[in-house]
There are 2 protein chains.
Amino acid sequence: MTDALEPSPKTDGFAVMLREAGLRVTSQRMAILRTLSSAEDHPTAEEIAGKARGSDASISHATVYRTLSVLEELGLIRKLSLENSPARYELCGDDDHGHIVDVGDGTIIEFEDEAMSARHQAIAADLGYEVVRCVTIIEARKKPGPV
Amino acid sequence: MTDALEPSPKTDGFAVMLREAGLRVTSQRMAILRTLSSAEDHPTAEEIAGKARGSDASISHATVYRTLSVLEELGLIRKLSLENSPARYELCGDDDHGHIVDVGDGTIIEFEDEAMSARHQAIAADLGYEVVRCVTIIEARKKPGPV
DNA sequence: GACTAGATGAGAATGAATTGCAATATCAAG
DNA sequence: CTTGATATTGCAATTCATTCTCATCTAGTC
Ligand SMILES: [Mn+2]
Ligand SMILES: [Mn+2]
Ligand SMILES: [Zn+2]
Ligand SMILES: [Zn+2]
């Protein structure tokens, strides 16, 4: 139940990161960052726009898209391109985590798997590459419940 | 240098699979399947349309999209939704393979990794899911070549 | 050869994302 | 605290991939 609309140590950090990148700290950018910071799920650009308007009314969707691009290049957020649906976004911690998408209802479950991440690094390294970003999406179906 | 436009044991197999699924075997569907069958890369729908028109002139792009959906549901092909670009398609063998996308030039390299696939199954199973499909995309940068 | 459900072609429509441009706001400098 | 340079924004129009509508066509069946 933390208030997503107020400054906090976490969001203040965002401001610093923007400045360090030579970008201006605008109310729109902070509102979007706060929205992502308080999101438990993986919202789409338009969902982010809707929530961000709660703290800073009338943020245009053009600004949302532009800001999301900027933040992604900055490495602050991650974009998930799922099939047949608009892209979804999340703040990134520095973990390489994967997503299970329930093909039944679209639920997204996150998971971390050290072995998998290690494999990604190794596979890329073998081919002379250095990992920039990994996307793992496991589309899966709920198994018939036990008993 | 095999001719992609002629029937072959492989493409005859496609016809059988279509019939078994209760679908009609049309020249358009076969042309698209042959195109994918001879593709070394991961073409987009429009690229597929262009090549398929070589064997069956004037296949509409609507038909290409419709056919690709049908073939995907049938499990004959796989759709890859990469970021910031139209979807790409490939025939699927029954292997769960991943893709390394060179962030420099967009090159797509395929890889198979038994350990990784096993992890996918295990992770899903742990959460009570059964894998339908896995997408692994490793965006990576070429490492400075040795000497 | 005729019938019929399924498939196609042409183009309009949709929806996500991007862009041009004039107006606005950030922030460094004075 | 002002000012000015310029990054950023809002709005609307635009692009682009993909989907849809519907009249026409065709594969498969008898
Ligand atoms: Mn969501
Ligand atoms: Mn290609
Ligand atoms: Zn996530
Ligand atoms: Zn592939």
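When reading the values below, keep in mind they use all heavy atoms of this one structure, side chains included, and skip hydrogens, waters and symmetry mates. Within every chain, numbering begins at 1; the chains are lettered A, B, ... in the order of the sequence lines, protein sequences first and strands thereafter.
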*Any chance you could list the contact pattern along nucleotides 25-30 of chain C? Use B for base contacts, S for sugar-phosphate-only contacts and - for none, protein heavy atoms under 4.0 Å, 5' to 3'.*
BBS---
_I'd like to compare against my own output: the B/S/- annotation of nucleotides 10-23 of chain C with a strict under-4.0 Å heavy-atom distance to protein._
BB----SBBBB---
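- We find that CD of B/E73 is positioned 15 Å from C1' of C/dA7, with the value rounded to whole Å.
- Between B/D56 atom CG and C/dG9 atom P the separation is 7 Å, expressed in whole Å.
- Exactly one residue among A/D56, A/T67, A/T35, A/L18 makes a side chain to side chain contact (heavy atoms under 4.5 Å, CB included) with A/M30. That residue is A/L18.
- Under the salt bridge (Lys or Arg N to Asp or Glu O under 4.0 Å) rule, A/R78 has a single partner from A/E90, A/E73, A/E110, A/E72, which is A/E90.
- One interatomic measurement links the two molecules: CD of B/E83 to P of D/dC16, which rounds to 20 Å at whole-angstrom precision.
- One N or O on the side chain of B/R88 and one on the backbone of B/H42 form a donor-acceptor pair closer than 3.5 Å.
- Computed from coordinates, the A/I32 CD1 to D/dT9 C1' distance equals 11 Å when rounded to whole Å.
- With respect to the salt-bridge test (charged N to carboxylate O, under 4.0 angstrom), the residues A/R133 and A/D96 do not qualify.
- Taken from CZ in A/R53 to CD1 in A/I32, the straight-line distance is 9.5 Å, to the nearest 0.5 Å.
- The pair B/R141-B/D102 does not count as a salt bridge, with every side-chain nitrogen at least 4.0 angstrom from each carboxylate oxygen.
- Atom pair A/L18:CG and D/dT9:C1' shows a separation of 15 Å (rounding to whole Å applied).
- Rounding to whole angstrom units, CD of residue A/Q28 and C1' of D/dA7 are separated by 12 Å.
- Distance OH/A/Y129 to CD1/A/I123: 14.0 Å, rounded to 0.5 Å.
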*Evaluate side-chain hydrogen bond (donor to acceptor under 3.5 Å, both in side chains) for A/Q28 paired with A/T63, printing each intermediate quantity in order.*
CA-CA 8 Å; A/Q28 292 87 337; A/T63 294; 5.8 Å; no
